[in-house]
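Below is one structure, written out as structure tokens; comments come after it.
Since the model is a prediction, treat every value here as computed from it, not as a measurement. Numbers for residues simply follow the sequence, beginning at 1.
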Amino acid sequence: MKPDHVTLLVSSLDRSMPYYEQLLPLIGFYKQNNQVWSDGAGFYCQFLQANADARPYERYGAGMNHLGFRASSPEQVHEVRTAMQAAGFPVPEIQQLSGATALFLQDPDGIRFEVTYYPPGIPVID
């Protein structure tokens, strides 16, 4: 089996979808319909409205910590950062982690995304 989809619940579709409409094409996804995006290889990201009384995302709480995407080059990591910043979203500095080039983004609810280039010989997960 392989991963099929991820469903993210956001506090406001109106506030969050502009963020995802900027980020997802940069990391290889296209819009399939209103809140469903595909990588074209059978993996989907779906976005739904969270219940108003639900707890917000907590970085170190139980649940997903972050969703990582592998870039094809260090330049691609820089391109994602530049495009997100140009679109007006806050972006942190790119980090060098044990030889990998990494960018850690947060959506409007604080859900984290990692875009990282791993050079040959650098393990994806230690």
Side-chain angles (χ1 to χ4, degrees):
M1 288 188 200
K2 66 177 190 157
D4 177 71
H5 71 277
V6 62
T7 298
L8 297 177
L9 300 177
V10 297
S11 62
S12 167
L13 286 169
D14 289 337
R15 188 170 56 115
S16 293
M17 290 318 298
Y19 180 88
Y20 289 110
E21 288 169 356
Q22 180 66 38
L23 175 64
L24 292 172
L26 296 170
I27 58 175
F29 284 77
Y30 68 90
K31 189 173 187 176
Q32 186 162 347
N33 61 43
N34 287 339
Q35 284 93 26
V36 177
W37 290 72
S38 174
D39 70 351
F43 185 74
Y44 300 87
C45 292
Q46 176 185 35
F47 300 89
L48 300 175
Q49 181 73 43
N51 291 337
D53 60 350
R55 274 187 334 179
Y57 171 80
E58 294 179 37
R59 182 174 181 200
Y60 291 108
M64 184 183 77
N65 180 271
H66 70 275
L67 187 57
F69 293 91
R70 187 181 308 191
S72 60
S73 67
E75 293 78 19
Q76 188 178 30
V77 178
H78 287 273
E79 290 167 6
V80 170
R81 184 183 187 280
T82 299
M84 292 301 288
Q85 188 173 41
F89 296 106
V91 293
E93 294 298 320
I94 290 174
Q95 299 179 38
Q96 297 300 314
L97 303 172
S98 302
T101 303
L103 175 63
F104 297 92
L105 301 163
Q106 291 183 47
D107 84 346
D109 288 312
I111 298 171
R112 295 177 180 269
F113 292 84
E114 174 185 346
V115 178
T116 301
Y117 169 71
Y118 300 93
I122 302 296
V124 173
I125 301 203
D126 271 336

- [ ] Could you walk me through whether Met64 and Ile111 pass the side-chain contact (heavy atoms from CB on, under 4.5 Å) test, one step at a time?
- [x] CA-CA 9 Å; Met64 184 183 77; Ile111 298 171; 3.7 Å; yes
[atom2] on [Y] to [atom1] on [X], rounded to 0.5 Å:
{"X": "Gln35", "Y": "Tyr20", "atom1": "CD", "atom2": "OH", "result": "12.0 Å"}
{"X": "Gln76", "Y": "Arg70", "atom1": "CD", "atom2": "CZ", "result": "12.0 Å"}
{"X": "Leu24", "Y": "Trp37", "atom1": "CG", "atom2": "CH2", "result": "5.5 Å"}
{"X": "Thr116", "Y": "Ile122", "atom1": "OG1", "atom2": "CD1", "result": "12.0 Å"}
{"X": "Glu79", "Y": "Leu103", "atom1": "CD", "atom2": "CG", "result": "12.0 Å"}
{"X": "Gln95", "Y": "Glu114", "atom1": "CD", "atom2": "CD", "result": "9.0 Å"}

Determine whether [X] and [Y] fall in the same hydrophobic cluster, where Ile, Leu, Val, Met, Phe, Trp and Tyr are linked whenever their side-chain heavy atoms lie under 4.5 Å apart.
{"X": "Tyr118", "Y": "Phe113", "result": "no"}
{"X": "Met17", "Y": "Val80", "result": "yes"}
{"X": "Leu67", "Y": "Met84", "result": "yes"}
{"X": "Leu26", "Y": "Tyr117", "result": "yes"}
{"X": "Val6", "Y": "Ile27", "result": "yes"}

- [ ] Establish, from distance only, whether the side-chain atoms of Asp109 and Ser11 form a donor-acceptor pair under 3.5 Å.
- [x] yes
Closest heavy-atom pair and its distance - [X], [Y]:
{"X": "Lys31", "Y": "Asn34", "result": "CE-O, 3.4 Å"}
{"X": "Phe29", "Y": "Cys45", "result": "CE2-SG, 3.8 Å"}
{"X": "Gln22", "Y": "Ala83", "result": "NE2-O, 3.6 Å"}

Within the distance-only criterion (no hydrogens, no angle test), does the side chain of [X] pair as donor or acceptor with the backbone N or O of [Y] below 3.5 angstrom?
{"X": "Gln49", "Y": "Leu13", "answer": "yes"}
{"X": "Arg15", "Y": "Pro108", "answer": "yes"}
{"X": "Asn65", "Y": "Arg59", "answer": "yes"}
{"X": "Asp39", "Y": "Ala41", "answer": "yes"}

Task: Any side-chain heavy-atom pair of Thr101 and Gln96 under 4.5 Å - done: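 Yes; the side chains approach each other to less than 4.5 Å.
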- [ ] State yes or no: are the ring centers of Tyr19 and Phe47 separated by less than 6.0 Å?
- [x] no
Task: Evaluation steps, side-chain contact (heavy atoms from CB on, under 4.5 Å), between Asp107 and Phe89 - done: CA-CA 9 Å; Asp107 84 346; Phe89 296 106; over 6 Å; no
Task: Other ILVMFWY residues reachable from Phe104 by side-chain steps of under 4.5 Å - done: Leu97
Task: Residue pairs involving residues 115-124 (criterion salt bridge (Lys or Arg N to Asp or Glu O under 4.0 Å); sequence neighbours excluded) - done: none
- [ ] Start with the C-alpha distance between Val91 and Thr82, add both sets of side-chain angles, then the distance that settles side-chain contact (heavy atoms from CB on, under 4.5 Å), and finish with yes or no.
- [x] CA-CA 9 Å; Val91 293; Thr82 299; over 6 Å; no
